[in-house]
Amino acid sequence: MTTHDAGAGDAPFSYLVKVGHISANPVQVRLEADERERQGLAKLWQVSAVNELRAELQIGRWKKDGIRIKGRVKGELVQACVVTLEPVVSRFSEEIEQMYVPEGSKLARIVVDGVAEMVLDPDGPDAPETFVGDTIDAGVLVSEFAALAIDPYPKKDGVEFAGHSDTPAEEVRRPSPFAVLKDWKKDQ
């Protein structure tokens with residue numbers, strides 16, 4: 001779990017949400033990164049450029065003292081092709097759903113079954129994040145989900161790695177390491 005503090009710190013994209021202003025009825029929020037923020041994110045993510053980053057969120061109360069942020073983040077990135085180093089433009093669209101609870105809340109505790117094993121549902125929601133103070137940074141959340149959508153090995157359409165072989169590994173003949181050693185004794 002990550003603990004979010006009250007300030008944005010040095011996050012390139014920040015949108016602070018005052019927890020005390022959030023009601024049970026979710027509020028609709030639209031975020032869009034400006035040029036300076038996109039440049040900061042490109043540097044952070046080590047990509048050539050972030051052409052677009054925006055999100056449409058619903059922010060509301062969750063259980064007694066928690067906050068739920070749900071929505072979609074969309075964007076467009078420019079990265080260098082891992083083969084040719086030419087620019088590759090990619091678009092992404094990711095669902096967001098994250099719950100936050102104050103530090104020390106009973107809702108932040110990990111669920112443990114009767115035999116002291118953690119109960120995690122891989123298809124269920126993530127465990128709630130904790131926050132300190134009265135502010136949550138929804139911009140950082142949007143940035144984190146966007147970063148997960150980045151292709152670590154972008155390739156330009158139609159480009160393949162040189163030397164790539166479709167031959168199954170078992171058909172490739174390599175000398176046995178023992179064959180190399182068999183003549184070693186003779187040379188001594």
Side-chain angles (χ1 to χ4, degrees), residues 1-22 26-62 66-103 105 108 120 122-161:
M1 269 191 234
T2 306
T3 301
H4 292 267
D5 59 13
D10 57 357
F13 186 56
S14 181
Y15 181 83
L16 300 179
V17 176
K18 287 282 191 189
V19 174
H21 297 170
I22 303 300
V27 62
Q28 302 291 322
V29 176
R30 287 190 177 171
L31 307 180
E32 187 162 354
D34 64 22
E35 179 65 28
R36 181 187 54 78
E37 292 165 329
R38 291 193 312 269
Q39 287 176 359
L41 289 168
K43 184 177 179 181
L44 175 68
W45 296 338
Q46 298 177 356
V47 298
S48 302
V50 177
N51 294 342
E52 175 186 23
L53 177 65
R54 58 191 165 94
E56 293 187 17
L57 307 173
Q58 298 87 43
I59 304 174
R61 285 279 172 194
W62 180 71
I67 299 293
R68 176 178 169 183
I69 300 177
K70 185 177 180 176
R72 179 169 291 281
V73 59
K74 296 179 181 182
E76 182 179 275
L77 305 170
V78 180
Q79 298 173 267
C81 172
V82 294
V83 178
T84 66
L85 299 180
E86 294 178 65
V88 177
V89 177
S90 60
R91 297 194 60 75
F92 62 87
S93 179
E94 295 289 319
E95 291 286 329
I96 291 179
E97 183 171 10
Q98 183 64 56
M99 276 63 90
Y100 292 90
V101 293
E103 189 174 57
S105 169
L120 297 175
D123 297 322
D126 290 339
E129 297 273 342
T130 58
F131 66 91
V132 178
D134 66 345
T135 309
I136 295 171
D137 195 333
V140 169
L141 176 67
V142 167
S143 300
E144 289 171 353
F145 273 83
L148 292 173
I150 297 173
D151 182 353
Y153 304 105
K155 284 191 315 185
K156 195 168 177 128
D157 287 340
V159 173
E160 293 296 326
F161 287 105

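Remember, it's a predicted structure, so these values are computed and weren't measured experimentally. What you see below is based on every heavy atom in this structure, not just the backbone, and it leaves out hydrogens, waters and symmetry mates.
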Under 3.5 Å donor-acceptor, Asp137 side chain and Tyr15 backbone: yes
Closest non-hydrogen atom pair, Arg91 against Glu52: NH2-OE1, 3.1 Å
Closest heavy-atom pair and its distance - Ala146, Trp45: CB-CH2, 3.6 Å
Donor-acceptor pair, side chain of Arg72 and main chain of Glu56, under 3.5 angstrom: no
Shortest non-hydrogen contact between Val88 and Lys156, atoms and distance: CG2-N, 3.7 Å
Taking every non-hydrogen atom, the tightest pair across Ser48 and Ala80: OG-N, 3.9 Å
Non-hydrogen side-chain atoms of Phe131 and Pro102 separated by less than 4.5 Å: yes
Inter-residue atom distance Leu141.CG - Ser14.OG, 0.5 Å rounding: 11.5 Å
pair Glu97-Ile69: side-chain heavy atoms closer than 4.5 Å: no
Heavy-atom check, side chain of Val73 versus side chain of Ser93, under 4.5 Å: no
Derivation of the side-chain contact (heavy atoms from CB on, under 4.5 Å) call for Val101 and Trp62: CA-CA 9 Å; Val101 293; Trp62 180 71; 3.7 Å; yes
Nearest non-hydrogen partners of Val19 and Thr135, listed with the distance: CG2-N, 4.1 Å
Atom pair CD1/CD of Ile67 and Glu129 - distance to nearest 0.5 Å: 14.0 Å
Check: Asn51 and Arg38 side chains under 4.5 Å, non-hydrogen atoms: no
Test log, rule side-chain contact (heavy atoms from CB on, under 4.5 Å), inputs Glu76 and Val89: CA-CA 7 Å; Glu76 182 179 275; Val89 177; 3.6 Å; yes
Check: Asp151 main-chain N/O paired with Gln79 side-chain donor or acceptor under 3.5 Å: yes
Derivation and outcome, side-chain contact (heavy atoms from CB on, under 4.5 Å), residues Gln58 and Gln28: CA-CA 5 Å; Gln58 298 87 43; Gln28 302 291 322; 3.1 Å; yes
N-O pairing of Arg30 and Glu32 below 4.0 Å: no
CD1-CG distance between Ile150 and Leu77, expressed to the nearest 0.5 angstrom: 5.5 Å
Closest approach of Gly40 to Pro12 (non-hydrogen atoms, all atoms of both residues): C-CB, 3.7 Å
Neighbour count >12 (heavy atoms, 6.0 Å) for atom CD, Glu95: yes
Side-chain touch Leu44/Phe13, heavy atoms, less than 4.5 angstrom: no
Exam field: side chain Gln39 to backbone Arg36, donor-acceptor pair closer than 3.5 Å: no
Chi angles and distances behind the side-chain contact (heavy atoms from CB on, under 4.5 Å) call for Val142, Leu57: CA-CA 9 Å; Val142 167; Leu57 307 173; 4.1 Å; yes
Heavy-atom check, side chain of Leu53 versus side chain of Leu41, under 4.5 Å: yes
